[in-house]
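Side-chain atoms are counted along with the backbone in the values below, which use heavy atoms only and exclude waters and symmetry mates. Convention: sequence-line order gives letters A, B, ...; per-chain numbering from 1.
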Amino acid sequence: MTLADDAIQWYDRNARDLPWREPGTTPWGVLVSEVMLQQTPVVRVAPAWQAWMTRWPTPADLAQDPPSEAIRMWGRLGYPRRAMRLHACAAAMVERHGGRVPDDLTELLALPGIGTYTARAVATFAYGQRHPVVDTNVRRVVARAVEGAPDAGPATTAADLTAMAELLPAESDRAARASIAFMELGAIVCTARSPRCPECPFVSVCAWRLSGAPAASGPTRRPQRYAGTDRQVRGLLLEVLRHATGPVPRQRLDAVWTDEVQRARALAGLVDDGLVEALGSDADRFVLAGDADRADVQQL
DNA sequence: GACCCGTGGGG
DNA sequence: TCCCCAAGGGT
């Protein structure tokens with residue numbers, strides 16, 4: 001039995017019942033789930049995915065609505081730029097691919113918001129192709145089980161893809177199952193903190209376990225605190241704009257954060273990123289991207 | 001490669 | 001409380 005065989009067998013008995021894994025999920029549904037899952041936990045994605053797919057069952061449905069509606073529907077999943085890119089992605093698929101999700105890796109990679117991981121995930125899970133699919137879970141599982149390391153080092157895309165490629169079964173359908181199985185293992189058993197090794201199909205062959213499960217050593221870089229960052233300010237500004245039914249006067253945005261310099265920087269950043277538009281010659285009113293026309297109507 | 005980009009829940 | 005982290009992508 002190879003690691004892939006063990007993982008697939010384990011997955012068949014332990015896979016979570018997630019909505020985008022239901023039979024009949026379209027490539028678009030797979031793509032939407034993968035984008036939503038970029039840095040957002042499964043439990044919060046599930047209901048959002050259902051609502052999104054009900055409202056926009058195809059790329060063309062989404063492309064017909066303005067980006068502002070995508071940003072609103074995104075709700076509090078975080079990183080709202082993903083909503084905007086998903087909208088741009090839908091528009092690009094309508095323009096370049098007749099409204100269908102392409103099955104070619106290169107064409108997928110060329111779409112907005114679709115990077116190395118997501119392109120491979122869609123080609124593999126939506127179309128059954130044989131590609132290594134490497135996310136943070138896979139990197140951790142391979143680091144421990146194969147390399148004997150306590151955790152994955154910094155992402156090195158090419159090397160990570162090579163490492164996983166060597167573990168993939170030859171047959172494409174099994175290769176796809178192996179990839180999803182490794183991801184699932186990393187998500188619910190071989191977790192970053194407190195791995196559940198007794199439940200792991202690799203427990204007896206895991207290189208990390210066999211070497212005594214050493215703890216990680218060395219200094220870990222402390223990420224920036226969230227409180228007080230531009231990201232928090234952007235979140236507060238966008239929260240106001242999401243719920244607005246018309247143009248929001250600058251004065252109302254001024255109320256969300258006292259530091260004027262930081263507030264202005266955050267707002268300018270949102271405009272630069274295309275999430276927000278300024279209205280009027282004085283740029284004294286703001287709307288979500290794509291709402292300018294509607295806003296003008298409401299002005300009259 | 002470093003850094004920026006939201007949000008919420010668990011330990 | 002505080003810290004960590006969660007199916008990354010773009011610059």
**OP:** State, without any angle test, whether Thr40(A) and Arg82(A) hold a side-chain donor-acceptor pair at a distance under 3.5 Å.
**Re:** yes
**OP:** Please check if any side-chain donor atom of Gln38(A) sits under 3.5 Å from a side-chain acceptor atom of Tyr117(A), or the reverse.
**Re:** no
Subject >> Ala155(A) vs Gly235(A), nearer the 5' end of DNA chain B by closest nucleotide >> reply: Ala155(A)
**OP:** Give one of base, sugar-phosphate or nothing for Arg139(A), where a contact means two heavy atoms less than 4.0 Å apart.
**Re:** nothing
**OP:** Compare the minimum distances between each of dA7(C), dC5(C), dG9(C) and the side chain of Gln38(A), then state the nucleotide with the smallest one.
**Re:** dG9(C)
Original post:
For the pair made of CZ in Arg231(A) and C1' in dG10(C), what is the distance, rounded to whole Å?
Top reply: 14 Å
**OP:** Sticking with atom P, work out how far dC5(B) lies from dA7(C), rounded to a whole angstrom.
**Re:** 22 Å
Subject >> Between dC3(B) (P) and Asp230(A) (CG): distance, integer Å >> reply: 15 Å
Original post:
Among dA6(C), dG9(C), dT7(B), which is the nearest nucleotide to the side chain of Arg81(A)?
Top reply: dG9(C)
Just the atom pairs and distances: protein N or O near nucleotides 8-11 of chain B's N or O, under 3.5 Å.
| residue | atom | partner | partner atom | Å |
| --- | --- | --- | --- | --- |
| dG8(B) | OP1 | Arg76(A) | NE | 2.2 |
| dG8(B) | OP2 | Arg76(A) | NH2 | 3.0 |

**OP:** Identify, between Leu111(A) and Thr191(A), the residue whose nearest nucleotide on DNA chain C lies closer to the 5' end.
**Re:** Thr191(A)
Original post:
Which part of the nucleic acid does Arg242(A) contact within heavy-atom distance under 4.0 Å: base, sugar-phosphate only, or nothing?
Top reply: sugar-phosphate
**OP:** Could you tell me whether Gly115(A) contacts a base, only the sugar-phosphate backbone, or nothing, with contacts defined as non-hydrogen atoms closer than 4.0 Å?
**Re:** sugar-phosphate
Subject >> Atom-pair distance (OH on Tyr79(A); P on dC5(C)), nearest Å >> reply: 14 Å
**OP:** Tell me what Ala192(A) touches on the nucleic acid: a base, only sugar-phosphate, or nothing, going by heavy atoms under 4.0 Å.
**Re:** sugar-phosphate
Original post:
Closer than 4.0 Å, any side-chain N/O of Thr118(A) to the OP1 or OP2 of dG9(C)?
Top reply: yes
Original post:
Hey, is Asp65(A) close enough to Arg72(A) for a salt bridge, meaning N to O under 4.0 Å?
Top reply: no
Original post:
Closest nucleotide of DNA chain B for Thr156(A) versus for Arg234(A): which of these residues is on the 5' side?
Top reply: Thr156(A)
Original post:
Quick one: Trp74(A) CH2 to dG6(B) C1', roughly how many Å, whole number?
Top reply: 11 Å
Original post:
Are Leu18(A) and Met53(A) co-members of a hydrophobic cluster defined by side-chain heavy atoms under 4.5 Å apart?
Top reply: yes
Original post:
In whole angstroms, how far is the P atom of dC5(C) from the CG atom of Asp135(A)?
Top reply: 15 Å
Subject >> Nearest-Å distance for atom pair CD/C1', residues Gln39(A) and dC3(B) >> reply: 13 Å
Original post:
So what does Leu18(A) hit on the nucleic acid, given a heavy-atom distance under 4.0 Å: a base, only sugar-phosphate, or nothing?
Top reply: base
Original post:
Over how many whole Å does the gap from Tyr226(A) atom OH to dG6(B) atom P extend?
Top reply: 8 Å
Subject >> Interatomic distance, Met36(A) CE vs dT7(B) P [rounded to whole Å] >> reply: 15 Å
Subject >> Same-atom distance (P) from dG6(B) to dT11(C), integer angstrom >> reply: 14 Å
Original post:
So, are Asp282(A) and Arg250(A) salt-bridged, with charged N and O less than 4.0 Å apart?
Top reply: no
**OP:** For the pair Glu107(A) and Arg96(A), find out whether any cationic side-chain nitrogen is under 4.0 Å from an anionic carboxylate oxygen.
**Re:** no
Original post:
Which part of the nucleic acid does Pro80(A) contact within heavy-atom distance under 4.0 Å: base, sugar-phosphate only, or nothing?
Top reply: sugar-phosphate
**OP:** Could you check whether Ile114(A) gets within reach of a base, just the sugar-phosphate, or nothing at all, counting any heavy atom under 4.0 Å?
**Re:** sugar-phosphate
Original post:
Can you say whether the rings of Trp74(A) and Trp52(A) are parallel (under 30°), tilted (30 to 60°) or perpendicular (over 60°)?
Top reply: perpendicular
Original post:
dG6(B) base to Thr229(A) side chain: any donor-acceptor pair below 3.5 Å?
Top reply: no
Subject >> Carboxylate-amine/guanidinium proximity below 4.0 Å for Arg55(A) and Asp61(A) >> reply: no
